[in-house]
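See below for the structure under consideration.
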2 protein chains.
Amino acid sequence: MPGSKHFDPEDAIDAVVPLLWRRGWAETGIQDIVDATGLSRSSLYATFGSKHQLSLAALRRYLRDYVDPVVTALDGGGDGLPSIAAFFGRLIKARCWGARARWGCLATAVQLSAQGEDPDVAEILAAQRKHTAKALRDALGRAGELGQLRTDVDTEATVEYLLLLTQGINVRSRDGADVKSLRQAVAAALSAIRAPGSDADTWPQGK
Amino acid sequence: MPGSKHFDPEDAIDAVVPLLWRRGWAETGIQDIVDATGLSRSSLYATFGSKHQLSLAALRRYLRDYVDPVVTALDGGGDGLPSIAAFFGRLIKARCWGARARWGCLATAVQLSAQGEDPDVAEILAAQRKHTAKALRDALGRAGELGQLRTDVDTEATVEYLLLLTQGINVRSRDGADVKSLRQAVAAALSAIRAPGSDADTWPQGK
DNA sequence: ACCGGCCTGGAATCGACGTTCCAACGTATT
DNA sequence: AATACGTTGGAACGTCGATTCCAGGCCGGT
């Protein structure tokens with residue numbers, strides 16, 4: 001076919017993710033995207049239509065490549081409490097180690113910014129929250145079946161409790177909280193809902 | 001004196017706080033401020049110098065008027081765990097009730113936005129974090145003296161744990177978490193660090 | 001080698017924003 | 001009542017953003 005694309009749009013989306021993540025959605029200009037992708041404005045607009053749609057694609061890509069891997073191992077419940085501890089271990093590692101340490105969570109940042117009120121953005125983020133909540137709920141259910149949980153705590157309240165910790169980590173990891181403190185805090189938090197006598201591991205190991 | 005101001009700058013700052021809080025720092029334009037204050041650009045610039053400095057003043061005002069009242073009762077330690085529970089009760093109420101319900105926390109939003117990297121902003125927010133952490137630490141210390149705390153948890157890790165909950169509430173209150181879930185989650189979180197046998201109240205009552 | 005289409009690069013457009021400027025105004029003093 | 005000085009309102013300025021336009025280029029099919 002004549003006039004086929006000279007580049008892979010998927011690569012362009014990949015290149016945009018760290019821009020939004022590090023500098024922010026509104027703060028990232030088209031020029032930044034041009035520089036990062038090596039493409040021209042024309043090619044970007046011909047391919048993605050607008051900065052908004054490209055940013056939406058990048059947000060979805062971020063969730064798929066950076067958040068889902070942390071959450072997905074919980075789907076189905078895993079082995080209960082230790083799986084939940086491992087989830088937090090992966091989260092803390094993702095937020096505090098490697099090249100993207102202290103970048104925080106793009107989804108949380110977008111949520112708290114003006115973009116969070118955009119209908120498309122809100123839908124994407126709501127779906128992600130729902131997924132995370134379900135995964136935690138399943139894991140708590142499994143933990144209950146395995147007798148790892150105190151019986152005097154409400155499941156939904158505990159889901160909320162774990163979501164609070166998750167978002168807390170997303171925020172605190174950006175402003176100086178160290179890995180050790182976060183891990184100890186999570187271990188204390190999970191020990192708190194563990195059944196007396198259970199020996200289920202609650203230490204948030206980074207995988 | 002000839003040519004005295006025809007308005008009170010303090011009132012102008014008060015009028016700017018809800019703009020930044022609801023729409024965001026970068027998203028609030030000078031025109032929005034002109035409309036909200038009823039003042040002209042000239043008066044604003046003559047008084048505050050720049051949008052940046054006016055925004056800084058509004059951020060300080062927000063912390064003084066809306067955050068300090070929630071935190072300050074903890075200074076000195078209060079009566080330990082019940083004071084901490086009351087702190088969370090005030091926080092949840094502030095975030096979920098009244099005209100500013102679901103507005104989230106301006107400080108957290110600014111922290112996660114690009115403005116969070118501005119030196120002046122960073123300094124203001126760091127001081128606030130330090131104040132909150134100290135207040136929680138003092139209250140935990142008092143709780144320990146009163147025998148309300150489990151002895152197998154590290155104090156600093158517990159401070160971090162409470163900060164995670166605080167920031168979690170600031171985020172989650174903005175996207176659909178209801179008062180009851182948040183309160184139950186906090187009650188569970190505080191019961192978790194309470195000494196076995198202690199009858200200290202952990203329910204986050206909104207005052 | 002030719003052709004025709006879409007892709008490409010860079011310049012041009014259009015609007016919004018922060019900031020500045022200036023003439024007119026109001027007030028406390030004389 | 002006249003004066004003097006800072007404040008005030010609104011227009012004007014320059015910058016930078018996203019988006020669009022157009023001439024030129026590249027490639028597959030013939």
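Throughout, protein chains are lettered first and strands after them, A, B, ... in sequence-line order, and every chain is numbered starting at 1.
Between A:T158 and B:Q184 there is no side-chain heavy-atom pair separated by less than 4.5 Å.
Considering only the side chain of B:H6, D:dT8 comes nearest among C:dG18, C:dT8, D:dT8. Relative to the side chain of B:K51, the nucleotides C:dT19, C:dA11, C:dG9 differ in distance, and C:dT19 lies closest. Comparing D:dA18, D:dG10, C:dT8 against the side chain of B:S42 picks out D:dG10 as the nearest.
When the C1' atom of D:dT20 is taken as reference, atom CG of A:L44 falls 14 Å away, rounded to whole Å. Summarising the geometry, the separation between CH2 on A:W25 and P on D:dA18 is reported as 13 Å, rounded to the nearest angstrom. One interatomic measurement links the two molecules: CG of B:L54 to P of C:dG18, which rounds to 11 Å at whole-angstrom precision. Rounded to whole Å, atom P of C:dG15 lies 18 Å from atom CD1 of A:I30. Taking atom CG on A:D35 and atom P on C:dG10, their separation rounds to 12 Å, with Å as the unit. Here the C1' atom of nucleotide C:dA16 and the CZ atom of B:R41 are 11 Å apart, to the nearest Å. Rounded to an integer number of Å, the gap from B:I33 CD1 to D:dG9 P is 16 Å. Look at OH on B:Y45: it is 18 Å from P on C:dC22, rounded to the nearest Å.
Checked for salt-bridge contact, A:D138 and A:R142 miss the test: no charged N lies under 4.0 Å from a carboxylate O.
With hydrogens and angles ignored, no donor-acceptor pair under 3.5 angstrom links the side chain of A:S43 to the base of C:dG9.
When heavy atoms are screened at a 4.0 angstrom cut-off, B:T28 is found touching the sugar-phosphate backbone but no base atom.
B:W97 carries B:R183 over the face of its six-membered ring, with the cationic atom under 6.0 Å from the centre and within 45° of the normal.
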